[in-house]
Amino acid sequence: MKRLLAISVFIGILLMTSGCIVAATDSHKYTTSPDESLINTYWKLVMLDGAPVVTHEDFREAHLVLHQEASRLAGATGCNTLMGSYRVENEQIAFGQIASTKMACPTTQMKTERDFLTALKQVTAWSVDGATLVLSGDNNELLAAFEAVHLY
């Protein structure tokens, strides 16, 4: 009887561990996600000039969306609404006619807005790796990093 119980426990442990190995192997398939699309993706600003961007309560998060129609840029600076145009050619990108609304904001939000707008004017290149968009300037200088956010 004890021998039958020991064999049953051994088989149970064996089945559980083999199930864990299969589950771990299957989950590895999903850890590497395909690259998000540059166009028509909501890109949340997460890093600017090498520093993390913090979204303050009661303010919109800084983000951008590059709409395909008419190469239109839309988004928010963390305080004001952002609009403009863009041009993409291979890994090169340029923003033009950038404008924003002019609401008063706390000093920290104004600094983020000012730095964000300055970075967009300096951008020359882009790259997407998974759910991360990086905008770079001359000499591959990292200007801003974004995370893709799925709204649906």
Side-chain angles (χ1 to χ4, degrees), residues 13-152:
I13 291 171
L14 185 64
L15 289 173
M16 286 190 318
T17 57
S18 66
C20 292
I21 291 169
V22 169
T25 304
D26 287 345
S27 69
H28 178 68
K29 294 177 189 175
Y30 303 106
T31 57
T32 305
S33 60
D35 292 342
E36 296 288 343
S37 172
L38 173 67
I39 309 300
N40 293 326
T41 297
Y42 181 106
W43 293 106
K44 175 184 173 184
L45 182 65
V46 294
M47 185 168 290
L48 190 58
D49 294 330
V53 173
V54 177
T55 301
H56 295 281
E57 193 173 318
D58 298 329
F59 287 93
R60 293 179 65 187
E61 62 191 12
H63 70 279
L64 57 81
V65 178
L66 304 176
H67 294 280
Q68 185 170 0
E69 70 279 352
S71 297
R72 185 174 56 90
L73 162 68
T77 63
C79 179
N80 286 293
T81 301
L82 172 67
M83 64 219 72
S85 63
Y86 70 92
R87 186 179 67 255
V88 173
E89 188 172 321
N90 300 320
E91 287 82 35
Q92 302 299 310
I93 188 168
F95 295 98
Q97 302 174 343
I98 298 172
S100 67
T101 56
K102 299 293 181 191
M103 296 187 328
C105 304
T107 305
T108 56
Q109 294 303 104
M110 290 305 295
K111 179 176 177 0
T112 299
E113 177 173 300
R114 186 175 51 253
D115 293 348
F116 189 16
L117 292 171
T118 299
L120 289 177
K121 291 175 186 173
Q122 297 173 349
V123 169
T124 59
W126 67 276
S127 65
V128 173
D129 184 10
T132 302
L133 166 64
V134 172
L135 297 180
S136 306
D138 293 332
N139 302 321
N140 290 325
E141 174 191 8
L142 175 86
L143 297 173
F146 301 80
E147 284 182 358
V149 175
H150 294 276
L151 303 176
Y152 302 103

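Positions are given from 1 along the sequence.
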* To do: For Leu45 and Met47, work out which heavy atoms get closest and say how close.
  => CD1-O, 3.5 Å
* side-chain contact (heavy atoms from CB on, under 4.5 Å) between Ile93 and Thr124, intermediate numbers included -> CA-CA 5 Å; Ile93 188 168; Thr124 59; over 6 Å; no
* Contacts of Tyr86 that satisfy ring-ring contact (aromatic ring centres under 6.0 Å, His included) - sequence neighbours left out -> none
* What residues form a side chain to side chain donor-acceptor pair (under 3.5 Å) with His56, not counting sequence neighbours? -> Gln109
* Structure fact -> All heavy atoms of Met110 vs all of Met103, minimum pair found to be SD-O, 4.5 Å
* **Pairs flagged by salt bridge (charged side-chain N to carboxylate O under 4.0 Å, His left out) wherever residues 80-107 is involved - sequence neighbours left out** => none
* **Separation of Leu64 CG from Thr41 OG1 (nearest 0.5 Å)** => 10.0 Å
* Asked: Can any side-chain N or O of Ser71 pair as donor or acceptor with the backbone N or O of Ser85 at less than 3.5 Å?
  -> no
* State which residues pass salt bridge (Lys or Arg N to Asp or Glu O under 4.0 Å) with Lys121; sequence neighbours excluded, sorted by chain then number. => none
* To do: If a pair satisfies disulfide bond (SG atoms under 2.5 Å apart) and one of its residues is in residues 100-137, list it, with sequence neighbours excluded.
  => Cys79-Cys105
* Pairs meeting criterion salt bridge (charged side-chain N to carboxylate O under 4.0 Å, His left out) with involvement of residues 38-50, two or more places apart -> Lys44-Glu61
* Structure fact -> Residues passing the side chain to side chain donor-acceptor pair (under 3.5 Å) test with Arg72, sequence neighbours excluded, are Glu69
Acceptor/donor pairs from residues 126-148 side chains to any protein atom, 3.5 angstrom cut, sequence neighbours excluded:
unit_1	atom_1	unit_2	atom_2	d
Trp126	NE1	Asn90	O	2.9

* **CG on Leu48 to CG on Asp115, rounded to 0.5 Å** => 5.5 Å
* Do Phe116 and Leu82 have side-chain heavy atoms sitting under 4.5 Å apart? -> yes
* Structure fact -> Pro106 and Phe59 have their tightest heavy-atom pair at CD-CZ, 3.3 Å
* To do: Name all residues meeting the side chain to side chain donor-acceptor pair (under 3.5 Å) criterion together with Thr118; count only those two or more places apart in sequence or in a different chain, and write none if there are none.
  => none
* **Pairwise distance OG1(Thr55) to NE2(His63) - rounded to 0.5 angstrom** => 10.5 Å
* To do: For Leu117 and Ser100, work out which heavy atoms get closest and say how close.
  => CD1-OG, 4.1 Å
* Structure fact -> Residue set satisfying side chain to side chain donor-acceptor pair (under 3.5 Å) with Thr77, at least two apart, ordered chain then number -> Glu113
* Pair listing, disulfide bond (SG atoms under 2.5 Å apart) test, anchored in residues 107-151, at least two apart -> none
* Asked: Among all residues two or more places apart in sequence or in another chain, which pass the side chain to side chain contact (heavy atoms under 4.5 Å, CB included) test with Gln68?
  -> Ile39, Asn40
